[in-house]
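Below is one structure, written out as structure tokens; comments come after it.
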There are 2 protein chains.
Amino acid sequence: MKNKEIQEKRMKEYFIQATKSILKGEGLKSISVRNIADQAGYSYATLYNYFKDVNDLIFLCVNDFQEECKLFVISKTKKTPKGLDRIKDTVFAYISYFVEYPGIFDLFYLARVGDFGNKQTTINVISNSLDDVCESEWNYCISRNLLPIEKLDSFKNQLKYAVIGLLLLYLNRRTPDSYSEFMDQANFQIDNILGLNNSNRTSTSIKNEN
Amino acid sequence: MKNKEIQEKRMKEYFIQATKSILKGEGLKSISVRNIADQAGYSYATLYNYFKDVNDLIFLCVNDFQEECKLFVISKTKKTPKGLDRIKDTVFAYISYFVEYPGIFDLFYLARVGDFGNKQTTINVISNSLDDVCESEWNYCISRNLLPIEKLDSFKNQLKYAVIGLLLLYLNRRTPDSYSEFMDQANFQIDNILGLNNSNRTSTSIKNEN
DNA sequence: CAAATATAATTAACATTGTTAATATATACA
DNA sequence: TGTATATATTAACAATGTTAATTATATTTG
């Protein structure tokens with residue numbers, strides 16, 4: 001039946017929307033089956049008619065958040081001139097997204113998954129999250145010879161590890177203990193990797209430094 | 001009374017030892033009040049006569065593990081010639097420690113703390129964990145002019161963020177999905193930061209690459 | 001040494017969690 | 001309309017952290 005599929009999809013969406021809302025607001029620590037079901041307007045057991053378990057549901061949100069993050073980044077960087085400066089701002093915007101929604105950082109990088117087996121695509125989305133957000137900018141830089149193509153993977157990986165390390169220590173261990181110090185650190189790390197060392201930043205995201 | 005203090009200290013040690021044993025073995029996910037108390041040979045409620053709550057107890061283990069990690073690193077690197085090579089091996093050994101005991105990585109970097117207020121010293125131990133392990137080696141390099149002192153903090157931070165990012169993705173997201181690829185990544189990142197780019201590694205820890 | 005008191009350890013109990021089984025309700029079809 | 005099927009809800013379970021009540025054990029005091 002076609003109706004059944006439509007209805008099932010709708011039901012799933014109700015639960016997914018509820019889960020996303022909690023993750024963006026109270027965060028992962030406030031996620032519970034009863035909490036989600038409340039927000040969706042159903043009983044907690046109903047959830048199990050549409051999802052294997054609560055992890056299944058939670059990790060379905062990853063794709064939506066990744067899309068949202070990408071849009072967030074684009075809206076924050078479209079004024080920056082294309083090129084390495086825009087790469088830098090893109091990475092900054094990526095960081096800002098997770099600082100604004102720490103619960104989503106928890107979901108992407110900290111949450112434990114019961115069964116990794118059938119979630120490989122989700123894991124891949126997460127692992128490529130930053131690359132995905134930066135992809136078109138990298139392509140631009142390569143096409144304009146703004147960076148040697150053989151350095152591309154190296155830059156991507158360095159940025160990925162640095163950004164995750166920075167966010168983890170700041171969001172989870174309050175190190176550094178102020179936002180401005182954290183942003184200074186991020187600025188320095190990114191400049192270092194992209195070879196913008198001499199750097200007086202003039203790009204837009206400097207405004208976020210508070 | 002002095003006896004009371006001695007006895008109290010002993011009791012605390014029993015619980016701490018039990019907690020450490022579980023963390024090193026089954027990992028953080030297997031920690032529970034009843035589990036710890038079982039291993040310590042007491043009832044679960046007894047724990048609350050000596051610790052405010054279970055987080056209090058868990059985070060007391062951090063200092064011991066940091067010490068253990070330092071000894072682990074020393075034993076793995078003492079044959080390497082002092083200098084930047086030994087810095088590199090030290091970082092590798094640090095990584096190996098957490099790969100061997102992923103539960104301790106969870107404790108150090110992933111575990112959520114209910115109340116950050118009175119745990120600031122613990123947070124500091126964690127945030128300075130890698131620097132602490134490398135400290136004497138950095139001092140050596142500085143004293144022999146093997147690296148300019150004004151670059152010291154930069155190197156420390158770059159290594160810290162890269163190492164935490166690498167470990168987080170590997171241990172928590174299985175990325176890269178093989179140990180040897182992970183070690184290759186680590187090798188590359190460390191070389192890059194320390195300026196050993198041309199690199200054919202000859203130091204001891206290469207043996208761990210499996 | 002024995003009784004009274006203080007201290008420490010245990011069991012009982014509660015609220016919250018994820019999940020499953022049993023039951024009720026709505027929908028589809030004859 | 002009445003029966004079969006699908007879907008939603010309540011009840012129940014086991015495990016969690018934590019606190020209160022209770023029991024056992026030391027310690028002090030006569």
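Just so it is clear, the model here is predicted, and its values are computed rather than measured. Order of the sequence lines sets the chain letters (A, B, ...), proteins ahead of strands, with each chain counted from 1.
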Exercise: do B:D89 and B:T80 side chains pair donor with acceptor under 3.5 Å: yes
Touch class at under 4.0 angstrom, heavy-atom based, for A:F51 against every strand present: nothing
Distance below 4.0 Å between B:S43 side-chain N/O and C:dA9 OP1 or OP2: no
Qualifying residues under salt bridge (charged side-chain N to carboxylate O under 4.0 Å, His left out), relative to B:D132, sequence neighbours excluded: B:K70
Close aromatic pair by centroid cut-off 6.0 Å: B:Y94 and B:F72: no
Spacing between A:N49 atom CG and D:dT10 atom C1', to the nearest angstrom: 13 Å
End-to-end axis angle, where each axis spans five pairs of the helix from C:dC1-D:dG30 to C:dA30-D:dT1, to 10°: 20°
Distance, rounded to the nearest Å, where A:Q7 contributes CD and D:dA6 contributes P: 13 Å
Interface with DNA chain D, restricted to residues 20-29 of chain A and to heavy atoms under 4.0 Å: none
Flag if over 12 foreign heavy atoms under 6.0 Å of CD1, B:I149: no
Protein-nucleotides 15-19 of chain D N/O pairs closer than 3.5 Å?
unit_1, atom_1, unit_2, atom_2, d
D:dG17, OP1, B:V33, N, 3.4
D:dG17, OP2, B:V33, N, 2.8
D:dG17, N7, B:R34, NH1, 2.8
D:dG17, O6, B:R34, NH2, 3.2
D:dT18, OP2, B:Y48, OH, 2.8
D:dT18, OP2, B:V54, N, 3.2
D:dT18, O5', B:Y48, OH, 3.3
D:dT18, O4, B:R34, NH2, 3.4

Step-by-step side chain to side chain contact (heavy atoms under 4.5 Å, CB included) determination, A:Y48 to A:V33: CA-CA 10 Å; A:Y48 290 90; A:V33 176; 3.7 Å; yes
For A:L71, side chain to side chain contact (heavy atoms under 4.5 Å, CB included) partners two or more places apart: none
CG-OH distance between B:L171 and B:Y101, expressed to the nearest 0.5 angstrom: 14.0 Å
Residues A:N187 and A:K88: side-chain donor-acceptor under 3.5 angstrom: yes
Rounded distance in Å - OH (B:Y14) to P (C:dA9): 11 Å
Heavy atoms from other residues, nucleotides or ligands near CD of A:E181 exceed 12 (cutoff 6.0 Å): yes
Strand contacts (DNA chain D) in residues 101-109 of chain B, 4.0 angstrom heavy-atom criterion: none
Close aromatic pair by centroid cut-off 6.0 Å: A:F98 and A:F108: yes
Atom NZ of A:K151 with >12 non-hydrogen neighbours under 6.0 angstrom: no
